[in-house]
Protein chains: 2
Amino acid sequence: MSGMADVIYNLGIDLTLSIIDGKWKTSIICWVGIKPLRNGELLRLMHGISQKVLTQQLRELEDDGIIQRTSYGTVPPKVVYSLTEDGRELRKVLVTLSKIGEKKAEKFNEMGRTIHITHTYKEIMPEANYSNLNVETLVKFATES
Amino acid sequence: MSGMADVIYNLGIDLTLSIIDGKWKTSIICWVGIKPLRNGELLRLMHGISQKVLTQQLRELEDDGIIQRTSYGTVPPKVVYSLTEDGRELRKVLVTLSKIGEKKAEKFNEMGRTIHITHTYKEIMPEANYSNLNVETLVKFATES
DNA sequence: CAGAATCCGGGCTGATACTG
DNA sequence: CAGTATCAGCCCGGATTCTG
């Protein structure tokens with residue numbers, strides 16, 4: 001019975017990619033991986049995202065067990081988003097994929113195909129420590145090219 | 001001058017994902033990684049893809065240096081697609097992403113979210129050797145669940 | 001056999017306005 | 001502050017048809 005159809009993927013990678021599929025999800029994972037962030041902070045950090053899309057992608061990442069939402073139940077409301085264990089693991093892979101992309105970018109540039117990558121993989125490595133940075137600094141970090 | 005705008009990515013991963021972005025590209029890379037394949041073979045192997053989309057994604061993968069096109073210049077035409085060195089490297093990462101997806105699928109299944117993955121990462125490992133299989137066998141391999 | 005050309009529909013994203 | 005709700009545009013993918 002049930003209208004809840006089972007989901008079928010050809011390969012495991014199709015599931016993995018479906019989890020990070022969304023224009024802003026990889027950025028969200030990287031930012032939230034640096035330190036827990038609030039809705040408004042994410043909005044300012046990721047230049048160009050709309051409130052609606054941010055909420056959507058946060059919900060999906062939460063449903064997929066990549067990030068977790070913590071509400072303080074205060075008035076005015078305070079909510080922070082942080083990575084789950086799965087999220088931290090996924091973030092490591094994102095670093096690898098970033099390295100590959102940067103190598104590829106070099107090749108493309110040598111061949112006359114101009115590519116520019118704003119942030120290097122080192123900035124999103126799990127080892128990177130930005131815990132002492134405040135949001136204003138992070139915003140500068142995000143918006144400067 | 002030039003209308004050819006430079007492309008800007010926030011992170012290297014955005015470039016990497018753009019390369020495998022396309023409903024069938026990961027499958028193409030995996031299949032072609034098993035052995036060089038012809039247009040018609042790929043069409044039969046990947047159930048549901050159309051000729052137009054296959055051509056599109058093959059071209060894009062070729063432009064991105066992931067696969068290479070070899071034409072024999074005969075009549076009737078014979079063309080085979082195979083992986084480049086970059087393609088073989090990328091394929092290894094796809095295996096990793098598949099492992100992650102399979103682990104995630106197990107968790108989802110335990111939580112009542114039914115996911116089915118048709119082919120395991122072992123089947124697309126670079127070490128897997130299907131060189132002695134003919135296309136008919138591959139088709140069976142591809143279409144059986 | 002390999003592929004080019006055309007038309008079309010759905011889904012994701014973005015802009016805007018509203019609410020507890 | 002942290003969302004919801006609604007509408008609109010665009011791009012990707014699918015079906016079909018035609019060609020060297």
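Each chain gets a letter, A, B and so on, in the order its sequence line appears, and its residues count up from 1. The analysis underlying the following values was restricted to heavy atoms, covering all of them including side chains, and did not include hydrogens, waters or symmetry mates.
- When heavy atoms are screened at a 4.0 angstrom cut-off, A:Tyr81 is found touching the sugar-phosphate backbone but no base atom.
- Scanning DNA chain D 5' to 3' for nucleotides with an atom closer than 4.0 angstrom to a non-hydrogen atom of chain B gives a first and last hit of D:dG13 to D:dG20.
- Remark: B:Glu89 pairs with A:Lys103 by the salt bridge (Lys or Arg N to Asp or Glu O under 4.0 Å) rule, at least two apart or across chains.
- For the pair A:Tyr72 OH and C:dG20 P, the interatomic distance rounds to 26 Å; values are reported in whole Å.
- The side chain to side chain donor-acceptor pair (under 3.5 Å) test applied to A:Thr55 returns A:Gln51, not counting sequence neighbours.
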All N/O contacts under 3.5 Å from nucleotides 12-15 of chain C to the protein, with atom names and distances to one decimal?
unit_1 : atom_1 : unit_2  : atom_2 : d
C:dT13 : OP1    : A:Lys23 : N      : 2.9
C:dT13 : OP2    : A:Gln57 : NE2    : 3.2
C:dG14 : OP1    : A:Lys23 : NZ     : 2.5
C:dG14 : OP2    : A:Trp24 : NE1    : 3.0
C:dG14 : N7     : A:Lys52 : NZ     : 3.2
C:dG14 : O6     : A:Lys52 : NZ     : 2.4

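- The main-chain N or O of B:Glu62 is never found under 3.5 Å from a side-chain atom of B:Gln68 such that the two would form a donor-acceptor pair.
- Side-chain atoms of A:Tyr121 and A:Val95, non-hydrogen and from C-beta on, do get closer than 4.5 Å to each other.
- Under the 4.5 Å side-chain heavy-atom criterion for grouping Ile, Leu, Val, Met, Phe, Trp and Tyr, A:Val80 is not connected to A:Trp24 through any hydrophobic cluster.
- Going from atom CD of B:Glu41 over to atom P of C:dA2 covers 8 Å, rounded to whole Å.
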**Study point:** B:Thr26 and A:Leu17: CA distance, side-chain angles, deciding distance, side chain to side chain contact (heavy atoms under 4.5 Å, CB included) verdict
**Key:** CA-CA 10 Å; B:Thr26 55; A:Leu17 290 182; 3.8 Å; yes

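- Annotation: side chain to side chain donor-acceptor pair (under 3.5 Å) contacts of A:Lys107 (sequence neighbours excluded): B:Asp86.
- Listed by chain and number, the residues in a salt bridge (Lys or Arg N to Asp or Glu O under 4.0 Å) with A:Glu110 amount to none (sequence neighbours excluded).
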